[in-house]
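Report on the structure given below.
Reckoned from all heavy atoms, side chains included, excluding hydrogens, waters and symmetry mates. Quick note on labels: first sequence line is chain A, next is B, and so on, each numbered from 1. Computed from a prediction, not measured in an experiment: that's the story for all the values here.
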Amino acid sequence: MTPPRPLGRRFYARPTLRLARALLGAWLCRRDGDRVVRGRIVEVEAYTDDAASHARGRRRTPRNAVMFGPPGFAYVYFTYGMHHCVNVVAEHDGIPGAVLLRGLDALPGANGPGRLCRTLDIDRRLDGLDLTVGEALWIEPGRRRRGERVVVATRIGIGADVELPWRLYLAGSPGVSRRDRAAEAALV
DNA sequence: CACACGATGCGCT
DNA sequence: GCGCATCGTGTGG
């Protein structure tokens, strides 16, 4: 088994939307006993202190506290009474920002944030986990392939009044939860 | 303490 | 496209 090669703190310490883009093509890694399960990140969404974010208005609560902390940590929350979603914290200590992981390739059943977490057995036990350690959950380097286009679309499940083009995904990837034909057509 | 609702997914129409 | 399961969290009383 190849040893973990987790990305370091510096990788995460940047503006949220830029981290979102940098995460496309990287590998999300989850330890499963003696094995490591890896999925290629192909769909993400950025959340900062905007109206649709858990950290809206920079209001700190017990749930969203990790979003305000240092970068490179996992923010995992529970929603709809049955689903978990995992985020990667960006920015620097004190500034809220996180990237929601919405879809993975090279791993069946990891399209959509809830299914992704179910497939990788991610729940609130991992909230606040340091992703730079390489123990239970981490991210390894990976890049976009030649000719692989980044589609810029609006976030899913967000009220029209606060929609922002902060969902990014790799065109043509099977792990994408929902395509945006108009956004794809807007590509050169 | 009560209550409204969600960064979703699934099954049915 | 639509309804709904199911419960933690935030907000207000």
Side-chain angles (χ1 to χ4, degrees), chain A residues 12 14-24 26 28 30 37 39-91 95-129 131 137 139 150-170 173-184:
Chain A
Y12 301 97
R14 51 178 135 183
T16 309
L17 193 55
R18 286 221 248 289
L19 175 63
R21 189 171 279 264
L23 283 169
L24 292 175
L28 180 64
R30 175 76 164 113
V37 180
R40 188 165 181 261
I41 299 170
V42 295
E43 183 185 357
V44 296
E45 283 178 359
Y47 289 88
T48 58
D49 60 353
D50 62 283
S53 172
H54 289 169
R56 57 179 96 40
R58 301 207 172 194
R59 190 198 201 77
R60 199 171 183 146
T61 69
R63 179 179 63 162
N64 70 19
V66 178
M67 281 186 76
F68 289 77
F73 287 75
Y75 168 45
V76 183
Y77 67 89
F78 182 64
T79 191
Y80 289 103
M82 61 188 97
H83 301 297
H84 294 273
C85 295
V86 61
N87 297 252
V88 175
V89 175
E91 307 287 345
I95 305 295
V99 177
L100 172 67
L101 305 183
R102 291 193 54 94
L104 306 178
D105 268 2
L107 208 54
N111 54 322
R115 283 159 56 80
L116 185 157
C117 284
R118 175 168 274 290
T119 297
L120 290 185
D121 190 32
I122 294 170
D123 59 35
R124 289 219 62 183
R125 292 172 304 181
L126 299 184
D127 186 39
L129 183 98
L131 295 169
L137 186 72
I139 298 175
V150 176
V151 181
V152 180
T154 55
R155 297 173 295 182
I156 303 287
I158 302 301
D161 48 335
V162 291
E163 270 191 17
L164 289 170
W166 285 0
R167 182 167 72 105
L168 308 179
Y169 67 88
L170 296 180
S173 291
V176 172
S177 65
R178 187 162 143 199
R179 295 180 60 183
D180 185 325
R181 287 302 306 277
E184 291 182 21

Out of dA5(C), dT11(C), dA7(B), minimum distance to the side chain of Met82(A) belongs to dA5(C)
### Query
Can a side chain N or O of Arg115(A) be found less than 4.0 Å away from OP1 or OP2 on dC10(B)?
yes
| query | Would you say a side-chain N or O of Arg178(A) is under 4.0 Å from OP1 or OP2 of dG9(B)? | reply | no
Output for pair (Met67(A) CE, His54(A) NE2), nearest 0.5 Å, gives 8.0 Å
The nucleotide from dA7(B), dG10(C), dC10(B) with an atom nearest the side chain of Pro62(A) is dG10(C)
Check: On a whole-Å scale, what distance lies between the P atoms belonging to dT6(C) and dA2(B)?
Finding: 22 Å
Winner on side-chain proximity to Pro113(A), out of dG10(C), dT11(C), dT8(B), is dT8(B)
Among dC7(C), dA7(B), dG10(C), the one nearest any side-chain atom of Tyr77(A) is dA7(B)
note: Ile156(A), atom CD1; dG1(C), atom P; distance rounded to Å ~ 12 Å
task: Evaluate the side-chain proximity of Val76(A) to Asn87(A): yes if any heavy-atom separation is below 4.5 Å, no if none is.
output: no
Inset, instruction - Could you check whether Tyr80(A) and the base of dG6(B) form a stacked pair, meaning centres closer than 5.5 Å and planes differing by less than 30°? - result: yes
From CG of Leu17(A) across to C1' of dA7(B) the rounded distance in Å is 16 Å
Residues Glu163(A), Arg155(A): salt bridge by 4.0 Å N-O rule | no
**Request:** Please determine if Arg60(A) and Asp49(A) form a salt bridge, counting it only when a charged side-chain N lies under 4.0 Å from a carboxylate O.
**Result:** no
Here the distance between atom C1' of dT9(C) and atom NE2 of His83(A), to the nearest Å, is 17 Å
DNA chain C nearest-nucleotide lookup for Asn64(A) and Gly81(A): closer to the 5′ end is Gly81(A)
Check: If you look at every strand shown and take non-hydrogen atoms under 4.0 Å, does Arg63(A) touch a base, only sugar-phosphate, or nothing?
Finding: sugar-phosphate
Which of dG8(C), dT11(C), dA7(B) is nearest the side chain of Phe78(A)? It is dG8(C)
Among the nucleotides dA7(B), dT9(C), dG9(B), whichever has the atom closest to the side chain of Arg124(A) is dT9(C)
Checklist entry - Under 4.0 angstrom, heavy atoms only, what part of the nucleic acid is Ile158(A) near: base, sugar-phosphate, or nothing? => result sugar-phosphate
Q) Which word best sums up how the rings of Tyr77(A) and Tyr75(A) line up, parallel for under 30°, tilted for 30 to 60°, or perpendicular for over 60°? A) tilted
### Message
Whether Arg118(A) contacts dT8(B) is assessed here as follows: a side-chain N or O lying under 4.0 Å from the phosphate OP1 or OP2. Is that the case?
### Response
no
The single option from Ile122(A), Leu120(A), Leu126(A) that satisfies side chain to side chain contact (heavy atoms under 4.5 Å, CB included) with Val86(A) is Ile122(A)
Regarding the side chain of Thr61(A), the nearest nucleotide among dG9(B), dA7(B), dG10(C) is dG10(C)
Rounded to whole Å, CD of Glu43(A) lies from C1' of dG9(B) at a distance of 14 Å
Arg155(A) CZ to dA7(B) C1', in whole Å, measures 8 Å
Select base, sugar-phosphate, or nothing to describe what Arg59(A) touches, counting heavy atoms under 4.0 Å on all strands. sugar-phosphate
